[in-house]
Undergrad: 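Mind having a look at this structure? Questions to follow.
Keep in mind it's a predicted model, so treat the numbers as computed, not measured.
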Amino acid sequence: MNFFSKKTFIYFVIIFIFCSVVVALIVTKKVSTKEYTAPTRNDKPNAEKVTIKHGDTFALAVRNTRLSAQDSSDIIGELKKVTNINYCTPGDFFEIFYDPKTGEWTNFLYYPPGISYYSITKSSDNIIKTEKKEFEIDTKTYKAQGTITHSLWAAMESQNIPSDIILSFTNIFAGHIDFFTGAKKGNVFKIVYEIKQISKKNKKLSSMIIAARYETTSKTNTAFYFKTKNTKTGCYFDENGKSLENAFLKAPLCFNRISSSFSYRRYHPILKVVKAHEGIDYAAPIGTAVVSIGDGTVIKAHYEKGGFGNLVAIKHPNGYETQYAHLLKYGKGIKKGKKVTRGQIVGYVGMTGLTTGPHLDFRIKHKGKFFDYQKMRQAPVTKLTGEEKKEFKEKIKNLLDTDTSVKQ
């Protein structure tokens, strides 16, 4: 009897331990399930923020939130009344806010590209209101200055100036300074520019130079943005109110060097004779883009016999004509009769025709006579006078002082 009781006791202990382990595993599993089967996507209590990713559709993104199927349908229906949700792009996002007591949604905010966003609100009595609103634009003004040691780009980049502002700087002075050959060590720049952005989306809308200065050992070039009464958009003027925009660019391409200048007596390297060279040879790598120096109409775009190879000729206002020879190929859409604008690509540097190496033979003539473009003096397109000049002078005072702090 004692042996039986002892054996029964041992069996009882083993069964008890086994049951305890099973119960513990079940409880652990339930706790684990409770912790992981209901994850929250909230960025903060009572709110959700969802960003559209590649491959997402807007409707699917909305239905994949805490909203009920009916609420999702209601919100999507409201948005369809004011915008096309099929045009959503990766990076767009929306926010949903919930009542902390009832858990019902109270506000849905959708942020598509641009300066507008959409707000859908639901009142306590379930009345839904949809509005299109605009973001507050944050505008900051920056000042910077520096000295060139290697290149203008490197000097400006070291001052944390955005790349689009650097490009704007070179474009503003393009008719007066050749930064590819004229930027020298020791030259100084100063710049004032502004950036507009949407703070909510941390997205830049636009950037613009307000004032700029470039100082060499022999000359100081300045530029100030000013909007005249007769123009929708402003342009840049020097300190005396003369427009920096000339009718023609300083050069038709970014070149390494001038391999041959305008001359009435030049020894031709191939023909081995002395003859006039009524143009400028710009040495540059094959494929370098060639642009029209001014607005005009293409009158030639073909292979020219006599050594010029692929050539584009453009007729400009006031009796001017420019020619671009030895091209590898023509710019997109360039053909006879095509209207072109200042800075538009008309071709690419090549070696077609009679040439010893890749370069552009650029020529310009006025009323049928070729002349040396390097000696051409251009008048500004616009010159401020009267009250506008007074207003301009007042506006540019102290713009380019030495303070480089950020202005809010």
Undergrad: Can you check side-chain contact (heavy atoms from CB on, under 4.5 Å) on Tyr118 and Glu78, steps first, answer last?
TA: CA-CA 10 Å; Tyr118 299 92; Glu78 285 294 315; over 6 Å; no
Undergrad: Decide yes or no for Leu244 and Asp238: does some side-chain heavy atom of the first lie under 4.5 Å from some side-chain heavy atom of the second?
TA: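 Answer yes - side chains close enough.
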Undergrad: Do Gln374 and Ile280 have side chains that get closer than 4.5 Å, going by heavy atoms?
TA: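 Sidechains of Ile280 and Gln374: in contact.
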Undergrad: Between Glu194 and Tyr225, does the side-chain contact (heavy atoms from CB on, under 4.5 Å) criterion hold? Intermediate values first, please.
TA: CA-CA 12 Å; Glu194 70 174 24; Tyr225 182 82; over 6 Å; no
Undergrad: To the nearest 0.5 Å, what is the distance between CD1 on Ile137 and OG on Ser206?
TA: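 Nearest 0.5 Å value for the CD1-OG distance: 8.5 Å.
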Undergrad: Any chance you could measure Lys132, atom NZ, to Tyr117, atom OH, to the nearest 0.5 Å?
TA: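 Lys132 NZ to Tyr117 OH: 12.5 Å, rounded to 0.5 Å.
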Undergrad: Is the NZ or CZ atom of Lys49 both under 6.0 Å from the centre of the six-membered ring of Phe93 and within 45° of that ring's axis?
TA: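 That pair qualifies as a cation-pi contact.
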Undergrad: In terms of the angle between their ring planes, are Phe248 and Tyr320 parallel, tilted or perpendicular, with boundaries placed at 30° and 60°?
TA: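 Correct class here is perpendicular.
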Undergrad: Whether the side chain of Asp295 engages the backbone of Arg342 through a donor-acceptor N/O pair (distance < 3.5 Å, no angle test) should be reported.
TA: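 Confirmed, Asp295 side chain pairs with Arg342 backbone.
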Undergrad: Strictly distance-based, threshold 3.5 Å: is any side-chain N or O of Ser207 a donor or acceptor partner for the main-chain N or O of Ile195?
TA: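 Answer holds: no.
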Undergrad: Looking at Glu239, is its backbone amide N or carbonyl O close enough to the side chain of Lys393 to form a donor-acceptor pair, meaning the two atoms are under 3.5 Å apart?
TA: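 Between the backbone of Glu239 and the side chain of Lys393 there is a qualifying donor-acceptor contact (under 3.5 Å).
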Undergrad: Could you pull out the closest heavy-atom pair between Tyr98 and Leu67, with the gap in Å?
TA: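 That closest heavy-atom pairing would be OH-N, 3.7 Å.
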Undergrad: Just checking, any donor-acceptor pair under 3.5 angstrom between side chains of Thr322 and Tyr324?
TA: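 There is such a pair between these side chains.
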Undergrad: Going from CD1 on Ile120 to CD1 on Ile75, what distance comes out if it is rounded to the nearest 0.5 angstrom?
TA: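 Answer for the CD1-CD1 pair, Ile120 versus Ile75, is 6.0 Å.
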Undergrad: Between Thr341 (side chain) and Gln344 (backbone), is there a donor-acceptor pair under 3.5 Å?
TA: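 Such a contact is absent between Thr341 side chain and Gln344 backbone.
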Undergrad: Looking only at non-hydrogen atoms, find the nearest pair between Tyr303 and Thr352 and report the distance.
TA: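 Closest heavy-atom pair between Tyr303 and Thr352: CE1-CB, 4.4 Å.
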Undergrad: Are any non-hydrogen side-chain atoms of Ile364 and Ile293 less than 4.5 angstrom apart?
TA: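 Yes - at least one pair of side-chain heavy atoms lies under 4.5 Å apart.
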Undergrad: Distance check, rounded to the nearest 0.5 Å: Leu399 atom CG versus Ile191 atom CD1?
TA: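 Atom-to-atom, Leu399:CG and Ile191:CD1 are 12.0 Å apart.
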Undergrad: Backbone N or O of Lys242 within a donor-acceptor pair of the Asn240 side chain at under 3.5 Å?
TA: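 Absent.
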Undergrad: Look up atom CD1 in Ile345 and atom OG in Ser292, then write down how far apart they are to the nearest 0.5 Å.
TA: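 With rounding to 0.5 Å, CD1 (Ile345) is 11.5 Å from OG (Ser292).
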Undergrad: Is there a side-chain contact (heavy atoms from CB on, under 4.5 Å) between Thr220 and Arg213? Walk through the geometry before answering.
TA: CA-CA 7 Å; Thr220 297; Arg213 176 181 294 157; 3.7 Å; yes
Undergrad: Are Cys88 and Tyr110 packed together at the side-chain level, in the sense that at least one heavy-atom pair is separated by less than 4.5 angstrom?
TA: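 Side chain of Cys88 against side chain of Tyr110, heavy atoms only: contact under 4.5 Å found.
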Undergrad: Relative to the ring of Phe362, is the ring of Tyr282 parallel (under 30°), tilted (30 to 60°) or perpendicular (over 60°)?
TA: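 Answer is tilted, since the angle falls between 30° and 60°.
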Undergrad: Which atom names give the shortest non-hydrogen contact between Lys140 and Asp138, and what distance separates them?
TA: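 For Lys140 and Asp138, the tightest heavy-atom pair comes out as CE-OD2, 3.6 Å.
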Undergrad: Minimum heavy-atom separation for Ala61 and Ile52, please, with both atom names.
TA: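 Scanning both residues, the minimum pair turns out to be CB-CD1, 3.8 Å.
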Undergrad: Heavy atoms, side chains only, cut-off 4.5 Å: are Arg66 and Trp105 in contact?
TA: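 No, every pair of side-chain atoms sits at 4.5 Å or beyond.
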Undergrad: Report the distance from atom NZ of Lys80 to atom CG of Asn84, rounding to the nearest 0.5 Å.
TA: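 Answer for the NZ-CG pair, Lys80 versus Asn84, is 9.0 Å.
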Undergrad: Is the closest side-chain heavy-atom distance between Lys184 and Thr217 below 4.5 Å?
TA: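 The answer is no; the side chains never approach within 4.5 Å.
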Undergrad: Give the minimum heavy-atom separation between Ala313 and Gln323, together with the two atoms involved.
TA: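 Nearest pair, atom of Ala313 first, then Gln323: CB-CG, 4.1 Å.
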Undergrad: I'd like to know if the side chain of Glu48 and the backbone of Thr65 have a donor-acceptor N/O pair within less than 3.5 Å.
TA: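 A pair under 3.5 Å: no.
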Undergrad: Under 3.5 Å, side chain of Asn171 to main-chain N/O of Leu167, donor-acceptor pair present?
TA: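 Yes, Asn171 side chain to Leu167 backbone: donor-acceptor pair under 3.5 Å.
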Undergrad: Counting distance only, does the side-chain N/O of His316 pair as donor-acceptor with the main-chain N or O of Glu321 below 3.5 Å?
TA: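 No, because the side chain of His316 does not come within donor-acceptor range (under 3.5 Å) of the backbone of Glu321.
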Undergrad: Ser151: what forms a side-chain contact (heavy atoms from CB on, under 4.5 Å) with it, not counting sequence neighbours?
TA: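 With sequence neighbours excluded, Ser151 shows a side-chain contact (heavy atoms from CB on, under 4.5 Å) to Trp153, Ala154, given in chain and number order.
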Undergrad: Could you tell me if Asp92 and Thr89 have a donor-acceptor pair between their side chains, going purely by distance under 3.5 Å?
TA: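 Checked: Thr89/Asp92 side chains pair up, N/O donor to acceptor below 3.5 Å.
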Undergrad: Parallel, tilted or perpendicular: which describes the rings of Phe392 and Phe224, with under 30° parallel and over 60° perpendicular?
TA: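 Rings of Phe392 and Phe224: perpendicular, over 60°.
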Undergrad: So, Phe94 versus Phe58, ring centres under 6.0 angstrom or not?
TA: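 Ring centroids of Phe94 and Phe58 are less than 6.0 Å from each other.
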Undergrad: Do the non-hydrogen side-chain atoms of Tyr142 and Ile165 ever get within less than 4.5 Å of each other?
TA: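 A side-chain contact under 4.5 Å is absent here.
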Undergrad: Thr288 side chain to Val349 main-chain N or O, any donor-acceptor pair under 3.5 Å?
TA: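 No; judged by distance alone, with no hydrogens or angles, the pair does not exist.
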Undergrad: Under 3.5 Å, is there a donor-acceptor pair between the side chain of Ser73 and the main chain of Ala69?
TA: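 No, the answer is negative, given that no donor and acceptor are paired below the 3.5 Å cut-off.
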Undergrad: Run the side-chain contact (heavy atoms from CB on, under 4.5 Å) check on Val62 and Phe108 step by step: do they pass?
TA: CA-CA 10 Å; Val62 173; Phe108 183 97; 4.1 Å; yes
Undergrad: How close do Gly307 and His326 get, heavy atom to heavy atom, and via which atoms?
TA: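 Heavy atoms only, the tightest pair is O-CE1, 2.9 Å.
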Undergrad: Do Thr228 and Phe226 make a side-chain contact, defined as non-hydrogen atoms from C-beta onward lying under 4.5 Å apart?
TA: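 Yes, their side chains come closer than 4.5 Å.
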